[in-house]
Peer 1: 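Following this message is one structure expressed as structure tokens.
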Amino acid sequence: MLFLRQSQRLANIVALRRWAPTWSGQQSESEDVSATVKRIRQELAEDKQQLQWRTPVGDRPEDWNSKLKAFSNTEQTSDFILMMQRPIDLSPKNMKQWWNKRQTKIERHMQQFIPERHKILGAELAAAHFILYRGGAAKFVNDPRWHRANEKGEFALPNKFDPSYKVEALRCDNMQLYYEGLENIRCLEQLKFLSFHNVQTFNDWCLDRVAGGQYPRLEVLDISGTEITHRGLSSLYRLAQLKLLIVNNPKESLEMELTCAMLESVIPQLKVVAADAIHYTT
């Protein structure tokens, strides 16, 4: 009996010795794997820390700033990146182009729709204020006068809502009017006359916005001296009460002539005339 117990113990010892190297190898291998995982995790954490958004150069307290920072672009867009990759050109021509683009951007922003102004003035007076402030003219129902701003840019119109003021006509001739500004002259129920004569920034997109501007009584529209093509002209079918449309030349191209003819067939009372028949040059 004792011999059997010793034999069993001996067998167990031999088995342990046989499997001991494998177990120790597995243990050492698992330790190596855990160390590798820790190292990778640490490297990922360091990479994430480096990829975090940093304060731009020039905005940090320790950075030196000059007065030229007023000309920097705070919008880090793809256009800005492309601009930074171009060589610096400080020629008078390039500086003039840069200044004109900047002024255009500012004017577009200034012409954006302001809801507070329309809440205070109403759609009619707000449109008149917008046009007169930029050198245009406005005429109201039951008032034969054309209201314009004086040399100081002042004009005599109410500064709050007055239901008796209904815009009947607007002259935007020779103005620098952009697509964003057209939102300020919408929903004029009594408007019958609207002129954009010689507005160089007026294009097909602007005409499409005018066509959908909710002018149920508009009878005369002047778009001569603008960049309107036959593509934009086709949007005027929505102005059902239009009687007179003034364009540069209805026969300047086959497409323009066909579009004018289609408009006259869709709106029976409409007459499309050339600018030479209305605006006489001296």
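Scope of the values below: all heavy atoms of this structure, side chains included, with no hydrogens, waters or symmetry mates. These figures come from a predicted structure and were not determined experimentally.
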Peer 1: If only atom types and distance count, is the side chain of Arg238 paired as donor or acceptor with the main-chain N or O of Asp208 below 3.5 Å?
Peer 2: yes
Peer 1: Return a table of donor-acceptor pairs under 3.5 angstrom between the side chains of residues 248-262 and protein atoms on other chains or two or more places apart.
Peer 2:
| from | atom 1 | to | atom 2 | distance (Å) |
| --- | --- | --- | --- | --- |
| Asn248 | OD1 | Gly225 | N | 2.5 |
| Asn249 | OD1 | Lys251 | N | 3.2 |
| Ser253 | OG | Met256 | N | 3.2 |
| Thr259 | OG1 | Glu255 | O | 2.8 |

Peer 1: Whether the side chain of Gln269 engages the backbone of Lys243 through a donor-acceptor N/O pair (distance < 3.5 Å, no angle test) should be reported.
Peer 2: no
Peer 1: Any side-chain to backbone donor/acceptor pair from Asn184 onto Gln111? Under 3.5 Å, distance only.
Peer 2: yes
Peer 1: Do the side chain of Arg134 and the main chain of Gln176 share a donor and acceptor less than 3.5 angstrom apart?
Peer 2: no
Peer 1: Classify the side-chain pair His279/Asn198 by whether it contains a donor and acceptor separated by less than 3.5 Å.
Peer 2: no
Peer 1: For the pair His118 and Phe113, name the ring-plane relationship: parallel under 30°, tilted 30 to 60°, perpendicular over 60°.
Peer 2: tilted
Peer 1: Among all residues two or more places apart in sequence or in another chain, which pass the side chain to side chain contact (heavy atoms under 4.5 Å, CB included) test with Glu168?
Peer 2: Lys139, Val141, Lys192
Peer 1: Taking Leu182's backbone N and O only, do any of them form a donor-acceptor pair with Arg186's side chain (distance below 3.5 Å, no angle check)?
Peer 2: no
Peer 1: Give a yes or no answer on whether the side chain of Asp173 reaches the backbone of Gly136 with a donor-acceptor pair at less than 3.5 Å.
Peer 2: no
Peer 1: In terms of ring plane angle, is the pair Tyr165 and Phe140 parallel, tilted or perpendicular, where the classes change at 30° and 60°?
Peer 2: perpendicular
Peer 1: Is there a donor-acceptor pair under 3.5 Å between the side chain of His129 and the backbone N or O of Pro158?
Peer 2: yes
Peer 1: Is NZ or CZ of Arg148 both nearer than 6.0 Å to the six-membered ring centre of Phe155 and within 45° of the ring axis?
Peer 2: no
Peer 1: Would the distance check show the side chain of Thr201 and the main-chain N or O of Leu177 forming a donor-acceptor pair, the cut-off being under 3.5 Å?
Peer 2: yes
Peer 1: Could you verify whether a donor N or O on one side chain and an acceptor N or O on the other, from Gln103 and Glu107, lie under 3.5 Å apart?
Peer 2: no
Peer 1: Answer yes when Glu189 and Lys166 have at least one side-chain N-carboxylate O distance shorter than 4.0 Å, and no when they do not.
Peer 2: no
Peer 1: Between atom CD1 of Ile223 and atom CG of Leu236, what is the distance when rounded to the nearest 0.5 Å?
Peer 2: 6.0 Å
